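Values in this document were obtained by computation on a predicted structure and should not be read as measured data. All ligand and atom numbering here is 1-based and tracks the order in the structure.
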Amino acid sequence: MGTVKQVAKVPYHLAIIMDGNGRWARSRGLARLAGHRAGTENIRRILEGCVEYGIKVLTVYAFSTENWGRPDEEVRGIMRILEHTLDRELPELHKNGVQLRHIGRLEGIPEELRQRVREAIELTRYNDRIILNVAFNYGGRTEILDAVRRIIERGVDPGRLDEDLFSQYLYTPGLPDPDLIIRTAGELRISNFLIWQGAYAEYYATPTYWPDFDKEELYRALLEYSRRERRFGLVKA
Ligand code: IPE
Ligand code: IPE
Ligand code: MG
């Protein structure tokens, strides 16, 4: 592992909207799936950087509930890439103390991939160096609806329902909210990502396409984060 340039303050939970795989490919005259392959590869590099910085949770947005609307070939290709990547990387991830988690709906994901995800989660559940939380078939609105549905099913007393209790019904029970959300590829929008948990996250956007987002870029984002003053609605003492 290399050494990273130090920053004054590091987020506990970093979340990344990994955008720009398609544009990265097009700019090289490649097919979109080549971009998804390069983007998926890049997770390893950034995960390693996060470990070096002592970040404890990395959430990556890999596939949204809206992404099902893309051409069939692209959707199926993304599923295949994830399946292969999981097969190839899992032993190494496990050896390195990575705990794998998934947020999103498992329903709708092809059975082979779903089975592998379950096995990976089971295998790595006691690892504690870093949590790699993969948002796949994830949508923030769907997450909130799923929570409301379960709250009603459980017959939760409306008088008891507060933000803490509600959070326990989301896909991220027990996980602290993201401190920093990075979006690559220049767009300035949330695209339905962690809309509840990100209420007080710091946001950082870079024009760099995700496959080109390297440790130097990570450093720049963390440096800017370390200079932000988080007020949470309060006034400075
Ligand atoms: C992000 O890259 C990956 C997914 C949304 C699955 P895109 O595929 O959105 O790449 P662009 O935005 O078209 O460049
Ligand atoms: C957001 O990127 C979803 C993921 C990175 C998985 P999109 O490319 O789907 O978002 P929009 O369409 O630009 O909002
Ligand atoms: Mg995109």
Inset, instruction - Please confirm whether Gly22 comes within less than 3.5 Å of ligand 1 when only nitrogen or oxygen atoms on both sides are compared. - result: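 Yes; the residue has a nitrogen or oxygen that sits under 3.5 Å from a nitrogen or oxygen of the ligand.
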
For [atom], grab the closest protein heavy atom and report residue, atom and distance to one decimal in Å.
{"atom": "atom 13 (O) of ligand 2", "value": "Arg189 NH2, 2.9 Å"}
{"atom": "atom 9 (O) of ligand 2", "value": "Asn67 ND2, 2.9 Å"}
{"atom": "atom 6 (C) of ligand 1", "value": "Ala62 O, 3.4 Å"}
{"atom": "atom 2 (O) of ligand 1", "value": "Asn21 N, 3.2 Å"}

Inset, instruction - Answer yes or no: is there a side-chain heavy-atom contact under 4.5 Å between Phe213 and Ile182? - result: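 The answer is yes, as the side chains (C-beta and beyond) meet within the 4.5 Å cut-off.
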
Inset, instruction - Is it possible for you to say whether Ile121 and Phe136 belong to one hydrophobic cluster, with membership spreading through side-chain heavy-atom contacts below 4.5 Å? - result: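 Yes.
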
Legend entry - Leu47 with Leu222, same ILVMFWY side-chain cluster at under 4.5 Å: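 As far as the 4.5 Å side-chain criterion goes, Leu222 and Leu47 are connected within one cluster.
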
Spell out, as yes or no, whether a donor-acceptor pair under 3.5 Å connects the side chain of [X] to the backbone of [Y].
{"X": "Arg26", "Y": "Gly35", "value": "no"}
{"X": "Arg101", "Y": "Val134", "value": "no"}
{"X": "Asn67", "Y": "Ser64", "value": "yes"}
{"X": "Asn127", "Y": "Val98", "value": "yes"}
{"X": "Tyr53", "Y": "Lys5", "value": "yes"}
{"X": "Asn137", "Y": "Glu107", "value": "yes"}

Legend entry - Whether Tyr138 and Tyr171 hold their rings parallel, tilted or perpendicular, with breakpoints at 30° and 60°: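 Perpendicular.
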
Legend entry - Heavy-atom pair of closest approach, residues Arg32 and Ala25: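 In this case the closest contact between Arg32 and Ala25 is CA-CB, 4.0 Å.
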
Legend entry - For Ser191, the ligand 2 atoms whose distance to one of its heavy atoms is below 4.0 Å: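 Near Ser191, the atoms of ligand 2 are 1 (C), 10 (O), 11 (P), 14 (O).
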
Inset, instruction - Could you tell me which atoms of ligand 1, counted from 1 in the order shown, lie closer than 4.0 angstrom to a heavy atom of Arg32? - result: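 Heavy-atom distances to Arg32 below 4.0 Å select 7 (P), 8 (O), 10 (O), 13 (O).
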
Inset, instruction - Using a strict 4.0 Å cut-off to heavy atoms of His36, name the atoms of ligand 1 that fall inside it. - result: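 Here the atoms of ligand 1 in question are 3 (C), 6 (C), 8 (O).
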
Legend entry - Part of Phe63 with heavy atoms under 4.0 Å of ligand 2, whether side chain, backbone, both or neither: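 The part of Phe63 near ligand 2 is the backbone, not the side chain.
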
Legend entry - Heavy atom of Met18, distance to ligand 2 below 4.0 Å: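 Contact present.
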
Inset, instruction - Scan Arg230, His13, Lys9 and name whichever one has a side chain to side chain donor-acceptor pair (under 3.5 Å) with Asp179. - result: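 Answer after filtering Arg230, His13, Lys9: Arg230.
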
Inset, instruction - Compare Arg23, Arg70, Arg26, Glu187 and give the one whose heavy atom is closest to atom 8 (O) of ligand 1. - result: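 Shortest heavy-atom distance from atom 8 (O) of ligand 1: Arg70.
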
Legend entry - Residue-atom pairs from the protein, N, O or S only, that lie under 2.8 Å from the Mg ion (ligand 3):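 Result, waters dropped: Asp19 OD1.
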
Legend entry - Non-hydrogen atom of Ala185 closer than 4.0 Å to ligand 1: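 No heavy atom of Ala185 comes that close to ligand 1.
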
